[in-house]
Amino acid sequence: MKNKYVQWLFNLPYLLWLALFVIIPLLLIFYYSFIDLNGHFTLANYATYFHSGTYLKMTFNSVWYAFLVTAIALLVSYPLAYFLHQTKHKQLWLLLVILPTWINLLLKAYAFIGIFGQNGSINTFLSLLGIGPKQILFTDFSFVFVATYIEIPFMVLPIFNNMEELNPSYINASRDLGATSWQTFIKVIWPLTLPGVKAGIQAVFIPSLSLFMLTRLIGGNRVITLGTAIEEHFLTTMNWGMGSTIGVVLILAMVLIMMITGEHHRKRR
């Protein structure tokens, strides 16, 4: 009885944190999604969302850009994680990969504004080649590039950790049985590192759904996502009900992604 009481006391700070900063905010978002501008209960917010071509287009854009960022980050991060796993000074190289996450997102965004701007380093180089300057900033390319750059460390880390736990005897056994390097990768390495890939997809895709700062600074409002719409409703139009409705849709989308990429354990009989 005493041990249970002590355990409950140790869990109390975690439960309070969970209630104050997770459960209560989610309940408030869900509650305000049913409130109109006059403070009355309504289902009009959801009706407006699902019958509006604008909001549906924003939803498609959000999913599409999140997919692009996640796919490119995975294509870059998996070979990078494998390289880090094979190299000698892996912890040092991993630190260099993670180091950009210590820098404020706003500072990184302004740095890329200087790089991609009309008088930036890239356009200066292109002008020397006689093919510049070009409009790089405020394009879909610049938005996807910067978003991918920012998200790559969050994709690399879980894949790298999964590779570190990989038993080398499986790879050696595959080669001893005559498998080629490609067959070893497809049949052994990839399936065993798939949990890390799924964790990386969750860590990248879910935040990418609701990006709004980069759409402003790098996309120049040409890239319109649900995150941008939420910011507009909460800070400009003051339509908290509609903003909360979009937030509920995003939360459901995130839960769906977590269910798809989550681990499914079969019950053993």
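This is a predicted model, so every value here is computed, not measured.
- In N119, the CG atom is not crowded: 12 or fewer heavy atoms of neighbouring residues, nucleotides or ligands sit closer than 6.0 Å.
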Determine all donor-acceptor pairs shorter than 3.5 Å in which one atom belongs to a side chain in residues 87-97; sequence neighbours excluded.
residue: K90; atom: NZ; partner: H85; partner atom: O; Å: 3.1
residue: K90; atom: NZ; partner: E164; partner atom: OE2; Å: 3.2

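- A pairwise comparison of heavy atoms in P158 and A199 identifies CB-CB, 3.9 Å as the closest pair.
- Judged by distance alone, the side chains of T215 and T228 do bring a donor and an acceptor atom under 3.5 Å apart.
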Next on the checklist: Checking S174 against K187 for the side-chain contact (heavy atoms from CB on, under 4.5 Å) test, could you report, in this order, the C-alpha distance in whole Å, the side-chain angles of both residues, the deciding distance, and whether it holds?
Outcome noted: CA-CA 9 Å; S174 175; K187 299 293 184 180; 5.9 Å; no
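- Listed by chain and residue number, nothing satisfies the salt bridge (Lys or Arg N to Asp or Glu O under 4.0 Å) test with K57 (two or more places apart in sequence, or in another chain).
- Side-chain contact between L106 and L217 is present, with at least one heavy-atom pair separated by less than 4.5 Å.
- With sequence neighbours left out, F116 forms a ring-ring contact (aromatic ring centres under 6.0 Å, His included) with F112, F145.
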Determine all donor-acceptor pairs shorter than 3.5 Å in which one atom belongs to a side chain in residues 124-133; sequence neighbours excluded.
residue: T124; atom: OG1; partner: G120; partner atom: O; Å: 2.7
residue: S127; atom: OG; partner: N123; partner atom: O; Å: 2.8

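- One finds the CD1 atom of I246 at 8.0 Å from the OG1 atom of T59 (value rounded to the nearest 0.5 Å).
- Of all heavy-atom pairs between V197 and M155, the closest is O-SD, 4.4 Å.
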Could you give the side-chain donor-acceptor pairs of residues 12-35 under 3.5 Å, partners two or more places apart or in another chain?
residue: S33; atom: OG; partner: F30; partner atom: O; Å: 2.5
residue: S33; atom: OG; partner: Y46; partner atom: OH; Å: 2.8

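- For the pair P207/F154, no side-chain contact is recorded, criterion being any heavy-atom separation below 4.5 Å from C-beta on.
- Annotation: F41, atom CZ; neighbour count of heavy atoms from other residues, nucleotides and ligands within 6.0 Å is above 12.
- Exactly one residue among V248, V255, V249, L256 makes a side-chain contact (heavy atoms from CB on, under 4.5 Å) with L252. That residue is V248.
- Across N45, T237, I230, a single residue satisfies side-chain contact (heavy atoms from CB on, under 4.5 Å) together with M242, and that is N45.
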Next on the checklist: Could you go through L209 and L226, starting from their C-alpha distance and side-chain angles, then the distance that decides it, and tell me whether this counts as side-chain contact (heavy atoms from CB on, under 4.5 Å)?
Outcome noted: CA-CA 7 Å; L209 275 175; L226 291 180; over 6 Å; no
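- When side chains are defined from C-beta on, Q135 counts as touching Q118, because their heavy atoms get closer than 4.5 Å.
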In a table with atom names and distances, give each donor-acceptor pair under 3.5 Å that connects a side chain of residues 65-81 to protein atoms at least two apart or in another chain.
residue: Y65; atom: OH; partner: D140; partner atom: OD1; Å: 3.3
residue: Y65; atom: OH; partner: D140; partner atom: OD2; Å: 3.2
residue: T70; atom: OG1; partner: A66; partner atom: O; Å: 2.7
residue: S77; atom: OG; partner: A73; partner atom: O; Å: 2.6
residue: Y78; atom: OH; partner: T193; partner atom: OG1; Å: 2.6

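- The environment of OH in Y110 is sparse: at most 12 heavy-atom neighbours from other residues, nucleotides or ligands sit within 6.0 Å.
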